[in-house]
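Working notes, beginning with the structure itself.
Keep in mind the model is a prediction, meaning the values are calculated, not measured. For ligands, and for the atoms within them, numbers begin at 1 and follow the listed sequence.
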Amino acid sequence: MTVPGKPSPRLDADAAPFWEACRSHRLQVQRCTACGQVRWPPAFLCPRCHGRDADWVTCSGKGRVYSFVVYHKAFHPAFEGDVPYVVAIVALDEGPCLVSNIVGCDPSRVHCEMPVQVTWEDRPNRITVPLFRPIDG
Ligand SMILES: [Zn+2]
């Protein structure tokens with residue numbers, strides 16, 4: 001699916017490997033090589049041990065809705081066709097939380113602790129965004 005006109009994420013040096021993996025439909029987060037802490041968002045220092053070295057681990061793509069809100073108004077023209085849509089904090093099974101959208105179901109069905117699975121939205125300029133859909137369909 002290609003969606004024109006939506007804003008692109010900022011591709012800074014810390015997050016570049018994340019977005020590169022998204023292009024291949026792999027959800028990756030950083031892991032501190034000193035203490036093993038898995039973290040999001042990416043950063044140059046571990047928030048737990050302040051270690052500077054990290055690698056990237058591929059997540060299962062599964063998680064649960066931690067919190068959410070239903071948008072009934074588009075605050076950017078590119079999202080007008082999406083309203084109402086769900087913006088959620090998804091707690092990945094690996095621990096970190098991501099802000100994303102819940103798609104593939106009526107917004108009224110979304111609830112906290114809902115099991116979700118990553119799905120991908122390919123956008124122009126080689127940007128692929130991780131979204132989440134209910135595991136039960
Ligand atoms: Zn650490």
inquiry  = Show, in sequence, the C-alpha distance, side-chain angles and deciding distance for Trp40 and Phe18, and conclude whether the ring pair (Phe, Tyr, Trp, His ring centres under 6.0 Å) test is met.
reply    = CA-CA 10 Å; Trp40 178 262; Phe18 171 83; 4.3 Å; yes

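Put simply, Trp56 and Leu45 are part of two different groups of oily side chains (I, L, V, M, F, W, Y) that touch within less than 4.5 Å, one to the next.
Residue-and-atom listing of protein N/O/S atoms under 2.8 Å from the Zn ion (ligand 1), sorted by chain and number: Cys32 SG, Cys35 SG, Cys46 SG, Cys49 SG.
Between Asp55 and Arg31, at least one side-chain nitrogen of the basic residue sits less than 4.0 Å from a carboxylate oxygen of the acidic one, meeting the salt-bridge criterion.
For the pair Arg48 (side chain) and Cys35 (backbone), a donor-acceptor distance under 3.5 Å is present. No side-chain donor-acceptor contact under 3.5 Å links Thr119 to the backbone of Arg133.
Relative to the ring axis of Tyr71, Lys73 does not place its NZ or CZ within 45° and under 6.0 Å from the centre.
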